[in-house]
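Only this structure's heavy atoms are used, side chains among them; waters, hydrogens and symmetry mates stay out.
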Amino acid sequence: MQHIKSLRYTLVAALAMPAGLLLPSCHTTKAEDEKKTDNTVQVKEMSLEKTQLDNVLELPGEIKPYQFADLYAKFTSYVKTVNVDMGSQVTTGQVLATLEAPEMNTQLLEAQSRLHNKEAVYQASHSTYERMLKTSKVPGTVSPNDLEIAFSKMSADSAELLSARSSLREVQELLSYLTIRAPFSGIITLRNVHPGTYVGPAGKGSDKPLLRLEEQQKLRLSIAVPESYTGSLQEASLVHFTVRSLPGDTFTAKVNRVAGSLDTKLRAEMLEMDINNSNKKLLPGMYAEVHIDLPGNHETFVVPKSAVITNSEQVFVIKVVNNKAVWVNVRKGNESNGKVEVFGNLNNGDVIVINGSDELKEGTSVQAVKE
């Protein structure tokens with residue numbers, strides 16, 4: 001009898017144990033099922049508000065001489081003297097070199113001789129006309145026809161005299177080109193000739209200038225601004241730039257000239273700044289890293305770059321409407337400091353996901369999280 005009671009107790013315990021184990025198992029399965037049915041995605045959000053995007057544009061620039069001149073020989077000649085060398089400082093009108101052309105001296109003598117001849121002929125015809133004019137005042141002494149012929153002869157000789165004077169002046173002007181003078185003050189940066197060199201349009205090495213003169217007390221800084229930023233150039237007045245050879249120095253220049261049209265090859269607008277280089281720290285030919293402050297010229301929606309999603313089909317942001325994700329197509333504007341202008345069907349107060357991706361499909365439930 002005691003054995004039967006013990007057996008009943010063991011059977012009851014055995015039957016009770018699976019039921020106890022089953023309850024926790026059923027509870028875990030239910031929690032997992034609830035988790036699977038909850039598809040809410042946690043995201044970071046921001047509220048849209050129109051503002052201006054202040055932009056700092058960084059572009060490469062080239063430093064050039066304020067003005068320069070490549071000096072050539074106007075006609076074939078020989079270099080007689082060279083009064084300057086590379087690095088020479090010169091002033092306006094200073095004689096840099098002299099050339100000689102023997103055939104030009106011959107032309108000068110011929111022009112002078114022709115002028116003297118025409119002066120003598122004119123003097124003779126002029127005297128003849130004056131005498132006949134005085135004589136004609138006595139009736140019957142000189143016929144009107146003879147007087148008219150004398151006047152015509154004097155007029156023709158006068159015209160030939162003026163032509164001879166013009167020819168002499170032309171030769172003298174050509175001879176003046178044999179003296180090379182500085183058109184402005186500056187520094188000689190290139191010298192390609194020495195005394196005795198044959199130069200001119202047909203001379204050897206005529207494609208190279210005799211001398212190159214540059215003004216370096218004042219320099220130009222040129223940059224090409226991409227088309228997308230040209231609308232903001234009117235707001236820019238000063239630029240800051242650095243050069244590699246002077247890493248510790250930052251220079252400032254004022255925008256002096258804007259091209260007003262785009263370069264057809266670069267699709268960019270040229271800007272020029274004048275630089276005071278009286279201390280001669282900068283040299284023409286240097287490349288500069290230019291920083292241009294471009295304040296926003298209109299209010300628009302500005303979002304972090306991470307909020308704008310680009311795939312193979314579209315560019316969009318994800319707007320949160322009733323805790324659901326909605327894709328909104330946008331067009332990007334200027335970018336600066338990790339932010340970008342966006343244009344599309346957006347309004348003030350719209351909530352935008354700032355860490356979205358194209359894996360966050362439309363209609364997905366979203367929940368904002370604090371950063």
Apply side chain to side chain donor-acceptor pair (under 3.5 Å) to Ser143 and Asp146, showing your working. CA-CA 5 Å; Ser143 67; Asp146 291 340; 3.0 Å; yes
Flag the pair Pro60 / Val290 as yes when at least one side-chain heavy-atom distance between them is below 4.5 Å, and no otherwise. no
Is there a donor-acceptor pair under 3.5 Å between the side chain of Thr364 and the backbone N or O of Leu360? no
Tell me whether Gln89 at atom CD has more than 12 heavy atoms from other residues, nucleotides or ligands lying less than 6.0 Å away. yes
Output the distance between atom CD (Gln67) and atom CD (Gln216), rounded to the nearest 0.5 Å. 12.0 Å
Spatial distance of atom CG (Leu271) from atom OG (Ser222) [nearest 0.5 Å]: 9.0 Å
On a heavy-atom basis, which atom in Tyr287 and which in Val243 lie closest, and how many Å separate them? O-CG1, 3.8 Å
Could Lys254 and Asp274 be called an ion pair, given the rule that one side-chain N must be under 4.0 Å from one carboxylate O? no
With a cut-off of 6.0 Å (strictly less than), are more than 12 heavy atoms of other residues, nucleotides or ligands near NZ of Lys153? yes
Considering residues, nucleotides and ligands other than Tyr78, do more than 12 of their heavy atoms fall under 6.0 Å from its OH? no
Value for CG (Asp358) from CD (Gln314), rounded to nearest 0.5 Å, stands at 9.0 Å
Closest non-hydrogen atoms of Leu59 and Pro226, given as atom of the first, atom of the second and distance, are CD2-CD, 3.9 Å
Is any side-chain heavy atom of Arg191 closer than 4.5 Å to a side-chain heavy atom of Val84? no
Run the numbers on Val199 and Ser77 for side-chain contact (heavy atoms from CB on, under 4.5 Å), then give the verdict. CA-CA 6 Å; Val199 295; Ser77 55; 3.7 Å; yes
Would you find a donor on one side and an acceptor on the other, under 3.5 Å apart, between the side chain of Ser163 and the backbone of Glu160? no
Apply the side-chain contact (heavy atoms from CB on, under 4.5 Å) test between Val303 and each candidate in Val340, Ile354, Val330; give the one that qualifies. Val340
So does Leu168 get a backbone contact from the side chain of Gln112, meaning a donor-acceptor N/O pair under 3.5 Å? no
Where is the tightest heavy-atom contact between Leu213 and Gly186, given as atom of each residue plus distance? CD1-C, 3.7 Å
Between Arg212 and Phe68, is NZ or CZ placed under 6.0 angstrom from the six-membered ring centre and within 45° of the ring axis? yes
Give me the ring orientation class for Trp327 and Phe316: parallel if the planes are under 30° apart, tilted from 30 to 60°, perpendicular past 60°. parallel
Would you kindly say whether Thr91 and Ser185 are connected by a side-chain donor-acceptor distance under 3.5 Å? no
If you define the side chain from C-beta out and look only at heavy atoms, does anything of Leu99 sit under 4.5 Å from Lys80? no
Beyond-backbone contact of Val342 with Val308, side-chain heavy atoms, under 4.5 angstrom: yes
Is the terminal nitrogen or CZ of Lys50 (NZ for Lys, CZ for Arg) located under 6.0 angstrom from the six-membered ring centre of Phe301 and within 45° of that ring's axis? yes
Tyr122: ring pair (Phe, Tyr, Trp, His ring centres under 6.0 Å) partners, not counting sequence neighbours: His126
Can any side-chain N or O of Asn277 pair as donor or acceptor with the backbone N or O of Leu282 at less than 3.5 Å? yes
More than 12 heavy atoms from other groups under 6.0 Å of CD on Glu359: no
In short, Leu266 meets Asp263 closest at the heavy-atom pair N-OD1, 2.9 Å
The reported gap from CG in Asn105 to CD in Glu110 (rounded to nearest 0.5 angstrom) is 11.5 Å
Can you confirm whether Met86 is buried at CE, in the sense that more than 12 heavy atoms of other residues, nucleotides or ligands lie under 6.0 Å from that atom? no
Apply salt bridge (Lys or Arg N to Asp or Glu O under 4.0 Å) to residues Asp157 and Lys118 and explain how you reach the verdict. CA-CA 7 Å; Asp157 292 340; Lys118 295 303 179 181; over 6 Å; no
Tell me whether the count of non-hydrogen atoms from other residues, nucleotides or ligands lying under 6.0 Å of CD in Glu49 goes above 12. no
Check: Phe241 and His291 side chains under 4.5 Å, non-hydrogen atoms: no
Taking side chain as C-beta onward, heavy atoms only, is Val225 less than 4.5 Å from Ile223? yes
Output the distance between atom CD (Gln172) and atom CG (Leu108), rounded to the nearest 0.5 Å. 6.0 Å
Side chains of Val353 and Val317: closer than 4.5 Å at any heavy-atom pair? no
With a cut-off of 6.0 Å (strictly less than), are more than 12 heavy atoms of other residues, nucleotides or ligands near NZ of Lys319? yes
Check ring pair (Phe, Tyr, Trp, His ring centres under 6.0 Å) between Phe151 and all other residues, then give those that pass, not counting sequence neighbours. Tyr129
Stepwise side-chain contact (heavy atoms from CB on, under 4.5 Å) test for Thr252 and Val239: CA-CA 6 Å; Thr252 302; Val239 303; over 6 Å; no
Give a yes or no on whether Lys137 atom NZ has more than 12 heavy-atom contacts from other residues, nucleotides or ligands under 6.0 Å away. no
Verdict with supporting geometry, Ile180 and Val95, side-chain contact (heavy atoms from CB on, under 4.5 Å): CA-CA 6 Å; Ile180 308 296; Val95 177; over 6 Å; no
Hey, are the side chains of Val43 and Asn355 touching, using non-hydrogen atoms and a 4.5 Å cut-off? yes
Of the non-hydrogen atoms in Ala325 and Val366, which two are nearest, and what is the gap between them? CB-CG1, 4.3 Å
Exactly one of Glu214, Glu62, Glu272 should register a salt bridge (Lys or Arg N to Asp or Glu O under 4.0 Å) with Arg220. Which one does? Glu272
So how far is it from Thr128 OG1 to Leu133 CG, rounded to the nearest 0.5 Å? 12.5 Å
Ile188/Val90 under side-chain contact (heavy atoms from CB on, under 4.5 Å): CA gap, chis, key distance, verdict: CA-CA 8 Å; Ile188 301 297; Val90 300; 4.2 Å; yes
